[in-house]
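Just so we're clear, the structure is a prediction, and the values are computed from it rather than from any experiment.
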Amino acid sequence: DNGLRFASAIYGRFVLETTIREFAEKNGISPVKFDQFIIKLRQDGVIHQPFETSLRANYKIGSWAAHGNQEFENVSDKEIKEFLSFIRDRVLTLK
């Protein structure tokens, strides 16, 4: 709400990636790249395809912001709020 779109998306990406990395390591998975983590989590049956797809889509929003990609300009404030809610409600609650 305070206009910090880039910062919100970048910090959200950091939280998303760190949480998934820790979750994967807790499940015995230690690939280097984010994409490898989520693929391995799905292959091992820890997460399902729809959640993997959601992780990838949400990670992309944060990546666009972090890398100054022009695509981020097309992301609405509502989508950023949904991105942050996804992290809060779906990612930070992983066990």
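Note: I87 CD1 to T19 OG1 = 8.0 Å, rounded to the nearest 0.5 Å. With rounding to the nearest 0.5 Å, the separation of CG in L84 from OH in Y11 is 13.0 Å. The NZ atom of K60 lies 12.5 Å from the NE2 atom of H67; values are rounded to the nearest 0.5 Å. One distance of note links CZ of F23 with CG of L92; it measures 12.5 Å at 0.5 Å rounding. Here the OG atom belonging to S76 is positioned 9.5 Å from the NZ atom belonging to K81, to the nearest 0.5 angstrom.
The side-chain heavy atoms of Q70 and W64, taken from C-beta on, include no pair separated by under 4.5 Å.
Smallest separation of non-hydrogen atoms from G12 and F83: C-CZ, 3.7 Å. The shortest non-hydrogen separation linking I80 to S8 is CG2-CB, 4.2 Å. In terms of heavy-atom proximity, L16 sits nearest to N58 at CD2-C, 4.1 Å. Between T93 and R88, the shortest heavy-atom distance links the atoms CG2-O, 3.8 Å.
E22 and K26 are not joined by a salt bridge, as no carboxylate oxygen comes within less than 4.0 angstrom of a charged side-chain nitrogen.
Put simply, the side chain of N69 never gets that close to the backbone of A65: no donor and acceptor are under 3.5 Å apart.
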May I have the step-by-step check of side-chain contact (heavy atoms from CB on, under 4.5 Å) for F86 and L55, ending in yes or no?
CA-CA 9 Å; F86 172 79; L55 285 170; 3.9 Å; yes
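In summary, the side chains of S63 and R13 do present a donor paired with an acceptor at a separation below 3.5 Å, with no hydrogens or angles considered.
Residue F51 qualifies as enclosed at atom CZ: its count of foreign heavy atoms under 6.0 Å is above 12.
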Hey, can you pull the donor-acceptor pairs under 3.5 Å for the side chains in residues 34-49, sequence neighbours left out?
from	atom 1	to	atom 2	distance (Å)
D35	OD1	R56	NE	2.8
D35	OD1	R56	NH2	2.7
Q36	OE1	V32	N	3.1
Q36	OE1	K33	N	3.0
K40	NZ	D44	OD1	3.0
R42	NE	Q49	OE1	3.2
R42	NE	E52	OE1	2.1
Q49	NE2	T53	OG1	3.1

